Amino acid sequence: MKITPYSIGCGALVADAQLAELSDNTLADLKTAFTEHGLLFFRDQDLPPDEHHRFAKRFGDIVLNKFFKPSDAHPEIAEVRKAKDQKMNIGGGWHTDHSYDEEPALGSILVARTLPDSGGDTRFANLAAAYDALSDGLKRTLESLRAIHSNRHIYGEGGYYRKTDLAQTLGGMDRVGDATHPAVIRHPESGRKILYVNPGHTIGFEGWTREESFALLDYLYAHVDQPEFTCQFNWLPGSVAFWDNRATWHFANNDYQGQERLMHRITLAGSALAKA
Ligand code: SIN
């Protein structure tokens with residue numbers, strides 16, 4: 001297995017490894033690389049749904065997304081589908097999966113199944129590197145804060161997705177909820193400090209007004225979305241991306257209108273997040 005940085009500050013490309021055939025030793029090395037980089041890309045994988053599921057189970061427990069449709073291929077694989085005639089896509093803005101849960105997801109393993117002729121790349125951001133680059137003063141302020149995360153404004157009554165052509169594919173509104181987490185977390189495995197807010201789900205800081213919260217959040221979001229912390233992955237048949245939801249954001253580009261895109265996603269269960 002050969003692991004090389006994908007870009008200066010974001011992700012790593014893993015070559016010479018088939019995820020369906022990893023020895024226990026190689027899997028251990030892969031876990032180390034996952035902790036170090038928080039984002040791994042793979043090419044030319046032969047990973048049918050059962051093998052996708054088996055690989056995920058070797059990493060940890062699976063958590064089901066409350067809103068996405070399970071794929072026909074496997075009940076624990078969620079379908080991230082955009083049909084030909086659909087205008088909206090799932091995940092078309094910076095976010096991290098399940099930050100609205102009390103125990104946010106550890107990671108997600110996304111496998112390309114049907115790709116458009118061009119477009120449909122996914123962008124990623126490295127929240128450990130972005131945090132490191134903040135000033136000591138702002139780091140101290142952020143370390144004292146807790147952020148509120150929600151899915152109501154997306155999946156709930158009148159929520160963003162409910163107003164679009166994604167609505168018919170979503171699970172019930174009784175599943176919406178909120179959670180609060182430290183704005184800077186200590187990564188459970190790497191021990192690194194990570195900025196844990198995201199544009200998709202963070203709705204403010206505890207004890208701050210919405211206006212105050214968004215003045216700071218908007219600054220942080222612009223800070224993260226810089227070339228040195230971000231990268232873009234171009235999907236090809238056989239491509240797989242495996243990201244750490246505690247340490248990254250992602251953004252599915254919606255630039256392939258009139259074409260179908262189908263991805264299979266397995267989300268790994270995480271734990272409550274500790275303050276840095
Ligand atoms: C997601 O998990 O948000 C979807 C990412 C993608 O489809 O590229």
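What you see below is based on every heavy atom in this structure, not just the backbone, and it leaves out hydrogens, waters and symmetry mates. Just so it is clear, the structure is predicted and the values come from calculations on it, not from any experiment. As the structure lists them, so they are numbered: ligands from 1, and atoms in each ligand from 1. Note that the numbering runs from 1 along the sequence shown for the chain.
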(request) May I ask you to list the atoms of ligand 1 that are less than 4.0 angstrom from any heavy atom of Ala252? (result) 5 (C), 6 (C), 7 (O), 8 (O)
(message) Below a 4.0 angstrom heavy-atom separation, can you tell me which part of Leu110, side chain or backbone, both or neither, approaches ligand 1?
(response) side chain
(message) Could you identify the single nearest non-hydrogen protein atom to atom 4 (C) of ligand 1 and state the distance to 0.1 Å?
(response) Val80 CG1, 3.9 Å
(message) Evaluate Arg265 for polar contact with ligand 1, using N/O atom pairs at a separation under 3.5 Å.
(response) yes
(request) Return yes when atom CG of Leu138 has more than 12 non-hydrogen atoms of other residues, nucleotides or ligands closer than 6.0 Å, and no otherwise. (result) yes
(message) Ring centroids only, cut at 6.0 angstrom: are His37 and Tyr6 within range, meaning strictly under it?
(response) no
(message) Taking the ring centre of each residue, are Trp94 and His250 less than 6.0 Å apart?
(response) no
(request) Could you find the nearest protein heavy atom to atom 8 (O) of ligand 1 and give me its residue, atom name and distance? (result) Thr122 OG1, 2.5 Å
(request) Could you list which atoms of ligand 1 come closer than 4.0 Å to a heavy atom of Gly91? (result) 3 (O)
(request) Write out the residue and atom name of the closest protein heavy atom to atom 1 (C) of ligand 1, then the distance separating them to 0.1 Å. (result) His250 NE2, 3.4 Å
(message) Measuring centre to centre across the rings, with the benzene-like ring taken for any Trp, is Trp235 within less than 6.0 Å of Phe233?
(response) yes
(request) Would you please indicate yes or no on a ring centroid separation below 6.0 angstrom for His149 and Tyr100? (result) no
(request) Assert yes or no for the condition that the ring centre distance of Phe41 to Phe242 is strictly below 6.0 Å. (result) no
(message) Is a donor from one side chain sitting under 3.5 angstrom from an acceptor on the other, for His201 and Asn151?
(response) no
(request) Would you check whether Arg261 has a nitrogen or oxygen atom less than 3.5 angstrom from a nitrogen or oxygen atom of ligand 1? (result) yes
(request) Would you mind running through ligand 1 and noting each atom that sits below 4.0 Å from a heavy atom of His95? (result) 3 (O)
